[in-house]
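One structure is given below, encoded as structure tokens.
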Amino acid sequence: MTDIGSGPLRLRVEMLLDVTDAAGITGAARERIEADDLMPAEQRRRAADAVRDDAAEALAFLVDPATLVSRIPGVELAQATWSSEHALGLDDVESDLLDGLDELDGLWDEDPARDEDNGGPHGRR
């Protein structure tokens with residue numbers, strides 16, 4: 001059997017979350033910080049200050065990419081970076097996402113005959 005995908009893969013995920021309880025997020029982040037016995041006291045203080053009044057910072061502290069992939073067989077997390085930021089209103093973000101999908105629309109044609117004319121299955125218009 002041929003191995004068709006071993007090696008590093010990059011998975012990009014973008015989520016838009018509607019925060020309904022900012023105090024709940026910041027409270028959960030503070031609890032996790034306080035429970036982390038391995039974190040030095042000064043670092044713990046700085047982290048608690050950072051999440052106290054900022055739900056985006058608190059959310060970034062609570063997200064654990066390793067947990068997202070830990071139950072997938074044959075996958076080990078090699079590296080991860082992530083962040084959280086305040087976004088525009090939901091309508092504006094939805095419009096941005098749809099614009100991005102429109103850009104992707106031209107990458108693949110559904111008509112294989114047209115694809116051949118455009119250089120294969122990933123032909124561009």
Side-chain angles (χ1 to χ4, degrees):
M1 177 177 225
T2 304
D3 191 1
I4 60 170
S6 293
L9 298 174
R10 182 179 313 272
L11 171 67
R12 293 187 180 160
V13 177
E14 184 169 330
M15 292 190 255
L16 177 64
L17 306 172
D18 189 12
V19 175
T20 60
D21 183 6
I25 294 170
T26 57
R30 285 194 316 269
E31 287 175 14
R32 181 170 293 173
I33 292 166
E34 291 170 12
D36 189 343
D37 295 334
L38 299 176
M39 188 183 298
E42 179 58 25
Q43 185 180 357
R44 186 179 292 141
R45 185 191 62 72
R46 284 193 313 265
D49 287 346
V51 303
R52 179 171 288 114
D53 298 319
D54 188 348
E57 188 71 30
L59 182 62
F61 192 88
L62 291 169
V63 170
D64 180 11
T67 302
L68 296 174
V69 298
S70 65
R71 294 186 179 188
I72 300 173
V75 173
E76 291 182 23
L77 181 64
Q79 267 184 331
T81 60
W82 67 101
S83 65
S84 179
E85 62 189 13
H86 295 276
L88 303 171
L90 290 176
D91 292 337
D92 294 334
V93 174
E94 184 176 302
S95 174
D96 288 347
L97 292 174
L98 291 175
D99 289 345
L101 290 175
D102 287 344
E103 291 174 19
L104 293 175
D105 185 46
L107 294 179
W108 295 277
D109 286 331
E110 291 184 22
D111 181 358
R114 286 181 54 192
D115 286 341
E116 290 173 11
D117 294 340
N118 290 316
H122 301 290
R124 294 176 190 246
R125 292 183 191 155

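Note that the numbering runs from 1 along the sequence shown for the chain.
Placement of Val19 and Leu59 within a single hydrophobic cluster is found when ILVMFWY residues are connected by side-chain heavy-atom separations under 4.5 Å, directly or transitively. Note: the hydrophobic cluster containing Val75 does not contain Val13 (ILVMFWY, side chain heavy atoms under 4.5 Å, direct or indirect links).
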What side-chain donor-acceptor pairs closer than 3.5 Å can you find for residues 22-32, not counting sequence neighbours?
{"unit_1": "Thr26", "atom_1": "OG1", "unit_2": "Ala22", "atom_2": "O", "d": "3.2"}
{"unit_1": "Thr26", "atom_1": "OG1", "unit_2": "Ala23", "atom_2": "O", "d": "3.1"}
{"unit_1": "Arg32", "atom_1": "NH1", "unit_2": "Leu62", "atom_2": "O", "d": "3.0"}

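Taken from CG in Leu68 to CH2 in Trp82, the straight-line distance is 9.5 Å, to the nearest 0.5 Å.
Taking all atoms of both residues into account, the shortest heavy-atom contact from Ile33 to Ala48 is CD1-N, 3.7 Å.
Exactly one of Leu11, Thr81, Leu77 qualifies for a side-chain contact (heavy atoms from CB on, under 4.5 Å) with Pro65. That residue is Leu77.
Checked against side-chain contact (heavy atoms from CB on, under 4.5 Å), Gln43 has the following partners two or more places apart in sequence or in another chain: Met39, Pro40, Arg46.
No more than 12 heavy atoms of other residues, nucleotides or ligands lie within 6.0 Å of CD in Glu85, so this atom counts as exposed by the packing criterion.
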